[in-house]
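We name chains A, B, ... by the order of the sequence lines, and we start the count at 1 in each one. It should be emphasised that the depicted structure is a prediction, and the values quoted were computed from it without experimental measurement.
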Amino acid sequence: MKTNDTHPPIGKPSLCGWDADQNPVLRGVRCRACGEVAFPPQHYGCERCGSGELAEVELAAQGVVLGSSQVHIHAQPVPAVPFTVAEVRLDAGPVVRALLDVGREAGDWHGRRVHGVLKERGNDPVVLEFHFGVKA
Amino acid sequence: MKKTLKNLRPVYVVGIGWHRYQDPSDTSYVTLGLAAARQALANAGVPFAGVDTAYVARALLGMACGRPILRHLGATGLPITHVENASASGSTAFRNACIEVGSGLADTALVLGVDKRPPAPVVRGEAQAGIEQLASEYIAPFTHFALLADKYVHRSGAGMRDIARVAVKNHRNGALNPNAQRQKERTLDEVLAGRRVSGELTVLQCTPLGEGAAAVVLMSEEAIKAHGINSGRAVRVLSSAAQSQAVYEDATAFDELLTQATCLQALREAGVAPAALDVVELHDAFSIEEVLYVEAMGLCKPGEAIAALKAGEFDIGGRVAVSPSGGLIAMGHPIGPTGVGQIAEIALQLRGEAGARQQPGARTGLAHMVGVGAVCYAHVLSI
C-alpha cells in the first residue's frame, strides 16, 4: 500500500513509514562514531561502541529471508493463527523480524527476496502494520 | 590480575535437594522451598544453624521471598541474598555463593531456587526500555527457537524429525527421575504428533510451565572437616563462567555464540577438555537448543549433533550423557530453581547416586544455563 490522502495511520510510526517515492521504509540509526547501522532506532547509545551520537537513517525495506516460522499458538485473537514470522537480512545490513505477508500458506521461504508492505490491521481504529511481502 | 574460581580456596557441593517440579498448583512457595532446603541440609548432614550465608534465586515470585521460607528453619539471622537473572537466576545464585565461600567470607552456603507462576505475566525489562520493536508481540520464545530450527535445518541438511529426537531422549531420562515434571517416556511419533506450537516444534519439544524448588549446600574444606562430612561425596566446583550477549559478526547466531564463549571459558578455567565431560545439563527449553549447544560447547563438531544423537552418544551410557535429569524439556523449567537443580543433578551423577539414570563412571560434569536478555552461565564440577 502506498500513501494517499486517506490512508489510515501507521501503527508504529517510529519504526516505519514511506520514503520520498512512497515506498515503505524502515527507520534505523547509524552511529556517527563507528558507522554501525542498527534497527530498531533508539538514542540511548550504540551497542557496538557505546557512543551516544546516533543519527536517524531510512533503511530500504528489502532483503532476504534467513528463516521463517508458521506460528500455530498465539495469545491474542489477531492475527488469527496460523501466521508466518520471518527473519530478514536487510540489504542495508540489519536483521529484522516481521510478519510475512503470505496468509495461511505454509512454505519454505528461506532465501527468498522480500520487500516491505504496509497492511491494514484491526477495526477500531484501523492502522497500518509493517509486513514483508515475498517477491515473485 | 584477575582471578578465577580455581584461584580461590576450593568449594564443594556437599548437599542437594529438590521439591519435585510440577504443574502450577495451589502449593505455597514456602512449602516448595522448605522441602528442597531441608532435603539439601539433610543430604549434607548439617543443621541450618551451621549455614553462614543463603542465596535465594527466583524470577517470578515477588521481592524478598527468601526469609518467609528460611525463617521456618530457625531464624539464625544469616545474610540472605535474593537473585533475579531470568532463567539463569539459579545459576547466578550458585556462582555468587561459590565466590563467597571461595573467598573465605563464608564457610557454608545454602543456595535455594524456588518459583511459582504469578497471576499476571511478568513484564520483561526489555519491554519497558522504551524501544519499540517491529513484531515482538508475535514472536514468543518458542517462535524465536522455531526460527533457529528453520535456519539449522537449512544449513545442516537435518530434518525436524531428527531434531525431535532430543525430546525423545530427554523424556526417556525424565521418566527415570522422580523429581521431573514430566515422567513419561515418549516415542518419536508421539513427539511429532503433538500439537504444533510454531514451525515444526511440538508441545513435547518445549519445556512445560511449572513450579518447584531445588537447593544445594556449599562448603569449604575447613567446613567439611569441621562437620565431619565424608569428603568422598563432596563435589568440587572447578570453575564458574558468566557472560552476557555481545555484538557478534553474525548477530543472528547470538544464542550459540554466547553459549560457546561462556562454556569454553568455564572449561578452560577448569582445565577440562570438552571430550573429558561425562555429564552435561544444558538449557534445552526447546529441542533445537540442545542441538545448537552441544555443537557450540564442543561436545561434537559443527553439523554433527544429529548424527551423534542418532548414534546414542548423548544418551545415558553414551559418550557423554546430556540432560540425564530430563533437561528442561522433561525435568522442567520453573525458572528460579532450574540452574540450581542442574548443579544438584550433576552432583548426584558424580557421586554415583543417580540410580536408574546413572551415567557409568561419571567424574566430570558441566552445567549450562542461559537467561533471556541474554546472559549465560557455565560451571564445571568434578569428583
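In terms of heavy-atom pairs under 4.5 angstrom with chain A, the leader among B/Thr143, B/Val153, B/Leu147 is B/Leu147. When the candidates B/Val197, B/Leu201, B/Asp150 are compared by the number of heavy-atom contacts under 4.5 Å with chain A, B/Val197 comes out ahead.
Looking at A/Pro82, neither its backbone nor its side chain comes within 4.5 Å of chain B, counting heavy atoms on both sides. Only the side chain of A/Gln42 comes within contact range of chain B, with heavy atoms under 4.5 Å apart. Looking at A/Val85, the atoms closer than 4.5 Å to chain B (heavy atoms on both sides) sit in the backbone and in the side chain alike. Contacts between A/Gln76 and chain B at a heavy-atom distance below 4.5 Å are absent for every atom of the residue. Proximity to chain A (any heavy atom under 4.5 Å) is shown, for B/Glu200, by neither the backbone nor the side chain.
Residue A/Glu47 comes nearest to B/Val247 through the heavy atom pair O-CG2, 3.2 Å, listed as atom of the first residue, atom of the second, then distance. Of all non-hydrogen atoms in A/Lys12 and B/Ala135, the two that sit nearest each other are NZ-N, 4.3 Å.
Between atom CZ of residue A/Arg48 and atom OH of residue B/Tyr248 there is a gap of 12.0 Å, rounded to the nearest 0.5 Å. Rounding to the nearest 0.5 Å places CD1 of B/Ile139 at 9.5 Å from OG of A/Ser69. With values rounded to the nearest 0.5 angstrom, A/Leu99 atom CG is found 8.0 Å from B/Glu137 atom CD. Atom OG1 of residue B/Thr252 and atom CD of residue A/Glu87 lie 5.5 Å apart, to the nearest 0.5 angstrom. Note that the CD atom of A/Gln70 and the OG atom of B/Ser198 stand 8.5 Å from one another [nearest 0.5 Å].
Counting heavy atoms from C-beta outward, B/Gln133 and A/Arg97 have side chains that stay 4.5 Å or more apart. Between A/Phe130 and B/Leu134, the closest side-chain pair of non-hydrogen atoms falls below 4.5 Å.
Salt bridge annotation for A/Arg27-B/Glu132: absent, with no cationic side-chain nitrogen under 4.0 angstrom from a carboxylate oxygen.
Using bins of under 30°, 30° to 60° and over 60° for the plane-to-plane angle, the ring pair B/His154/A/His110 lands in the parallel bin.
The backbone N or O of B/Ala129 sits less than 3.5 Å from a side-chain atom of A/Tyr44, completing a donor-acceptor pair.
Summarising the local packing, CZ of B/Arg124 is surrounded by 12 or fewer heavy atoms from other residues, nucleotides or ligands at distances under 6.0 Å. By the neighbour-count criterion of 12 heavy atoms within 6.0 Å, atom NZ of B/Lys301 is sparsely surrounded, having that number or fewer from other residues, nucleotides or ligands.
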